[in-house]
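Only a predicted model underlies this, so the values are computations on that prediction, with no experimental measurement involved.
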Amino acid sequence: MAGITVTEDNRKDEVQKKDPQSKDSGTDSTKECLTNGHAEEKIILDGKAEQNCCVGEKGQCTMEKKEDKEGETKENEEEKDKEVLLIQDTGFNVVIVAPGIEPFDLPVSSMELVQEIHQVLMDREDTCHRTCFSLQLDGTTMDNFSELKAIEGLKEGSVIKVIEEPYTVREARIHVRHVRDLMKSVDPADAYNGVDCASLSFLNTITLGDILDKKRSKPDSVDCTPPEAIIPNSKDRPLLPLHPGIKDLKGSRCLKVLTYSGWNPPPGNRRMHGDLLYLYVVTLEDKRYHVTSCARGFYLNQSTEDEFNPKPSQPKYLSHSLIDLLNQISPAFKRTFSLLLKKRGQKHPFERVPTPYQVYAWMAPQPDHQVDYIRAEDAFSTRLGYEEHIPGQTRDWNEEIQTTRELPKTNLPERLIRERAIFKVHSDFVAAATRGAMAVIDGNVMAINPGEDAKMQMFIWNNIFFSLGFDVKDHYKDFGGDAAAFAAPSNDLQGVKAYFNMDPDGLYTLGTVVVDYRGYRVTAQSIIPGILEREQEQSVVYGSVDFGKTVVSSEKYRELLQKTAAALKIRPHKVLNSKEETIELYSSIECKGIVGNDQRHYILDLLRTFPPDANYLPVEGEELAEFMKNHGYPKNHRHKLPCLRQELIEAFIESRYLAFVKHAALHFQTLQKQPKKTEEKAALTNGHGCDENKNKIDEDEVTEEAKKLVETMTGSQDAVSRKTVEDDTREIVRKAAEASGSMSETEFSITFNPDVFQPHVRHAEPESEMFQKEKDLVKKASQHIVASQIPLLINDCLDHTSSPVDGITLSESMHARGINMRYLGKVAEMLAKYPTLSYVYTIAVSELICRSAKHLFNHYMQGVDMMNTAAAISHFFNCFLGSYPTPHPQVTADESKAAKRKSKRKNKHSVVFSIENTEWSSETPKSLWKKIIDEADEYYSYVLECDGIDGAMEQYGCQRVALLRSICLKCGVQMQLKEYSLENKGRPCFSEDDIVNVYPIVKHISPRATDAFHFFSSGQNKIQQGLLREGYELISEALNLLNNVYGAMHPEIAACLRLLARLNYIMGEFAEAMSYQQRAVLMSERVLGVDHPNTITEYAHLALYCFANNQVTSALRLMYRARYLAIVCHGENHPEVALIDSNIGLILQAVEEYDFSLRYLEHALQLNIRYFGSESLKTAMTYHLVARTHSCRGDFRSALQSEKEAYTIYKSKLGEAHERTKESSECLAHLTKQAVVVQKKMNEIYKGEVNSTLPPIQIQPPSLAGVLETLNIINGIVFVQISPDDLEKFKQEMSKRQSVEQGQEDKPAIDGSPEADKDKGDGDKAPAESVATTAVKETTKVEQTTKATVEVPSKPVENVNQNKKDDSAVLVEGIALA
């Protein structure tokens, strides 16, 4: 389906909308058929249809397989472009004729399903009350699941009739549900309760309506005063503005009651008269009606509450739609319902589409709980989504998950269908698993082993298997007991993720979801067919069930795992079992292979897929390097399952490969000095062919040279010359391999044995030199974290490539560099040494405190019974965040006595076992903080120098609101939205009524849209070559593919929209930029959360584009919102706030609010001096802006002082001749002149010369265009001038780079990957992996060739030759906020 456009009646968006039968966009075909028995057949047919049509349309087509991941050569590029052409679907208009309304045109696309037209009609304001209809073309009914291009005779202008169909019980129930959904479609209750994938969005509240509807007009005199709380240095952190405009969001009620009547189901004799079901309605006028649903529609009957009389009443008002019937019987309904539809129509489609995964809000207003019988019925039925509407009832999750993996993937249409099906099934599975896990903990599911102790119970619900994170039957006794059992599921999930992303043929992983809820950890897994009928021991054909006593293997598994082991860098290794047999494994020993009854080969228990972390596994007789000992390693950990992350393994191998290449090159040069210059290294090729692409190589010149040499060595030679120097070359390879720690002498090969340092594993040759090498390699990889990755993180923060905003972004930064969270203490310790990183240090310590508190919270909650949950949570929060020394838990005495009596005869079936537990109530702030300090020391080995919240604020600059937000997000607590007096020492801050809800924290894998990712990458490459148009087209295509796979909502789509907005902006399409960015903001709010760091960035971008479109007030409101969210996340001390303040200050200049402008700019100046140094160009720029504001206020003396500072910096950094320096000195001259004139006149007045009046001072208010130009500069948007010759050089330089860059194909995720998103920020930043990373570097190179002196390559900001555009200007952009 083509990309969504906002225009066209919002038609495309609506296609992606929610059909009441399937919470899904466009995958209905897949979903419906997946869940009836004939899954594979139907979808494959679909795929074939799609493929054949493509071939038919465009003549013969060749579509390559996706082996082109590595080294995309020219041909592959062309192939790709062909594929792009193939999926360009054709759009045309059809005329829809529906009963009771005027015919209207509807734009459709040839690749859509008929089903999607259905959805659009059920969503349109004038047809939304119909659900039971068919579409007819020339008198024949169209099949719902066929594509439009497959329908004969359907062309531009065809007339499609909407024909009302007779109801069945199923259709009648769907209709009632749809009516109820319409009536609550504008109510935010679902978003706050976290149901049906609804979530919040406040953009249109902030901008007072849709910004795209506003006319481009000059700003009127509007009140631009910033809210009190976000004026610089304000100490207030109010929480109410977090969810603005809540009061207006309340939907008006249309009916008092709509429910199924107590007379259901119809008795036999009435069924024969066609009664399907009975409804009971109470209207706003307080009239009561009983309604019969029959095949022809709905009519009133004569029943009452106590008497059944199914005869139609007079008049009976028979209507095909329930809404038509209600319109006739209740004028109030008619009025309120049409208002509601209007309100619903004003919402942006992105505010209504369901998100793929549930997003929970950590704040919610006092719940307004209204009667809703249909909701009540849902809660107690076991339905999940629309199970009752699907053939085959409960879903066989495992079958669906594995079947979608088996779909064909030879060409693009097939891959799209496959990825869409995988994603859809996966998001449904996550929703089902989450619901099941909550039901398990809440005690609503019967255990399959009810006789056992509560901790040991296991559950099956809706074909999903649930187990708790406790050490059952001492399974993990030697590994750390419950602590190990708690850590194992998340390790296992990392393993599942690694295997899943490789997408191996013939090897299957289980659907796995880890849910933390009310202090418990629950693992949900799909069920291997047949596993429940037999003992696990019998079914395992590979691996070990009992930690290495019995180990088995099978030929088939060896063959399957050999492929994955190579990709995951797992070293095949031999172990002994209890019968002393040697068995070769291609995974860790715990990993089990089971063949299910469906004959598929499953692999599970992947918790040690990656090698162990030697720094946290003290093993007797094993020494770490001196360097590590000095850092205090190895440290004890509470369990023995610490593993390295996949990202670390990749970074480590990359650094080793670089060492290898450099050594080889060095030896090769010495060899070349001998007469025989030869390039020969066949052995090398197999070793690094694959690695080379994997790794992005530093732009370091030495490496470049080395790489070229190694490549020449790999060049093919004839056999004779090969012989002559074979020995030399072998020697070179041997030396280089030895130097880089390679596991093989003849090639570069680094693979890890995941079973080293495991006392329970008996290795076949524990004394061999090779085994020693394996152990050393794991130690070196573990050392790489402390020696290389943590310093890398610190450096990225120092040069502002990475700028964490809160705990979430800090953990993402660490994870992206392969640093586990247990190193957080070490990271904080290193950050403490750099005063300019004080803000990251504060975030790191706050995160340390919150994570320690979370560990305690989980343990604390496990003992609390349901009755006291709210009291316990509010008590914990009082102890953690309040300054009141003695908060009392709100448990009434008789309640706790009753609880004691009850717990003695407590049933064994409830998971939430309370062992007479009221010990939570004896917690005090003092005791809790002591535990937090111990926990931080024990787990993160970091010594906190504070004994309570006040100490933490003083010592580390932590902020209460940020800690409250962080702990709520980590523990899944929803607080009431109101102002809390957190500083109050006189009474506790929280009462039990402030705890609104607890929600689950869900971890799962994220299936990727691979083709979209490729388009995105090649689009980025094109942009980096300065080919903006082509890049733009590729990225737009990526957006189409993303929509195809993920539906309308997904973080990666938001990232894609943001990039398209930025490209439009650079190309001067301001209105387009604003439209794309608006969608990016809405989507970020919906899928990530209204206060997620990415959302803050999106708001700041949108503000800039609004300003460019002359919507100054909207721009200010958006900037105020961004600043508010930023200070809630991390307070004012942060370089991001400096950037936001500079933006606000500039926009306020534009509306001539100079006093406020000055406050913001001076604050920005303080922060820039603190974080960038008093000598930085950023500081100079801010001085210049402050001077500008002073001069606008007529205060020339202050203006002179500021401008002098700016001039001094420019002169010392850029030299006299630089344009910036010249500008600054001109500015100084002008200011001096003005100051002199003013001073003269003042003197005259003082002397009492009567006729003196102050001359008109020349103050020119800044023009909007001028302000916009400055905004572009401070936000790092660079329009660079390049002469044609330089452009040619630039292109050549880039094409050289291409080979190196190619390796970036395997990067984590689209620009929305956490990595890229963190790196938003000021001009001084070159964002990691963001669009124009290389462009930025190249920009600066090009500028150096154009004789612009530049401070450092990573600072594209200040070296702008102020927007002097001419025809040869190429726009390259340091997408600095991206």
Side-chain angles (χ1 to χ4, degrees), residues 1-5 8-9 11-17 19 21-22 24-34 36 38-39 41-59 61 85-99 101 103-124 127 130-166 171 411-414 416-417 420-421 1040 1043-1044 1047:
M1 237 182 62
I4 310 182
T5 45
E8 303 186 342
D9 255 9
R11 208 247 351 141
K12 286 273 169 131
D13 292 286
E14 295 178 29
V15 168
Q16 309 267 20
K17 288 304 292 307
D19 150 357
Q21 298 153 11
S22 60
D24 164 20
S25 47
T27 12
D28 309 81
S29 60
T30 333
K31 172 160 172 178
E32 287 275 350
C33 46
L34 263 177
N36 60 27
H38 317 292
E41 233 168 38
K42 167 72 183 174
I43 298 183
I44 291 169
L45 277 173
D46 250 43
K48 279 196 187 123
E50 198 148 337
Q51 177 188 347
N52 297 343
C53 294
C54 288
V55 176
E57 276 175 42
K58 310 274 181 198
C61 70
L85 289 174
L86 279 171
I87 57 162
Q88 286 295 357
D89 43 356
T90 44
F92 53 95
N93 287 326
V94 293
V95 179
I96 302 283
V97 178
I101 59 168
F104 59 89
D105 281 356
L106 183 69
V108 291
S109 103
S110 56
M111 280 175 68
E112 274 170 35
L113 303 173
V114 177
Q115 169 80 10
E116 299 184 24
I117 300 184
H118 257 265
Q119 291 180 330
V120 175
L121 293 177
M122 285 167 56
D123 197 72
R124 265 183 77 103
T127 53
R130 303 178 186 285
T131 58
C132 187
F133 58 87
S134 62
L135 299 171
Q136 289 192 0
L137 177 67
D138 307 332
T140 53
T141 301
M142 296 155 66
D143 168 29
N144 258 353
F145 296 128
S146 54
E147 290 191 328
L148 297 188
K149 62 186 174 199
I151 293 172
E152 278 180 41
L154 185 64
K155 55 185 188 298
E156 176 73 37
S158 296
V159 175
I160 295 181
K161 285 196 167 141
V162 175
I163 304 295
E164 296 178 342
E165 292 290 330
E171 285 291 349
N411 56 34
L412 188 64
E414 282 184 354
L416 285 179
I417 286 183
R420 179 159 74 183
N1040 289 349
N1043 280 324
N1044 237 315

Shortest non-hydrogen contact between [X] and [Y], atoms and distance:
{"X": "Ser109", "Y": "Leu148", "value": "O-CD1, 3.5 Å"}
{"X": "Asn93", "Y": "Pro107", "value": "OD1-CA, 3.1 Å"}
{"X": "Gly157", "Y": "Val95", "value": "O-CG2, 4.2 Å"}
{"X": "Phe104", "Y": "Leu121", "value": "CZ-CD2, 3.7 Å"}
{"X": "Met122", "Y": "Phe133", "value": "CG-CE2, 4.0 Å"}
{"X": "Pro166", "Y": "Cys132", "value": "O-SG, 3.6 Å"}

Spacing of [X] atom [atom1] and [Y] atom [atom2] [to the nearest 0.5 Å]:
{"X": "Glu147", "Y": "Leu154", "atom1": "CD", "atom2": "CG", "answer": "12.0 Å"}
{"X": "Arg124", "Y": "Ile101", "atom1": "CZ", "atom2": "CD1", "answer": "6.5 Å"}
{"X": "His118", "Y": "Thr131", "atom1": "NE2", "atom2": "OG1", "answer": "10.0 Å"}
{"X": "Asn144", "Y": "Met142", "atom1": "CG", "atom2": "CE", "answer": "9.0 Å"}
{"X": "Leu412", "Y": "Ile417", "atom1": "CG", "atom2": "CD1", "answer": "10.5 Å"}
{"X": "Lys161", "Y": "Leu137", "atom1": "NZ", "atom2": "CG", "answer": "10.5 Å"}

Do [X] and [Y] come close enough that some side-chain heavy atom pair is under 4.5 Å?
{"X": "Glu414", "Y": "Asn411", "value": "yes"}
{"X": "Val114", "Y": "Asp143", "value": "no"}
{"X": "Leu106", "Y": "Ile160", "value": "no"}
{"X": "Thr127", "Y": "Val162", "value": "no"}

Give a yes or no on this: more than 12 heavy atoms of other residues, nucleotides or ligands lie within 6.0 Å of atom CD of Glu156.
->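 Yes, enclosed.
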
Could you tell me whether the side chain of Arg130 and the main chain of Ala98 form a donor-acceptor pair under 3.5 Å?
->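 No, because the side chain of Arg130 does not come within donor-acceptor range (under 3.5 Å) of the backbone of Ala98.
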
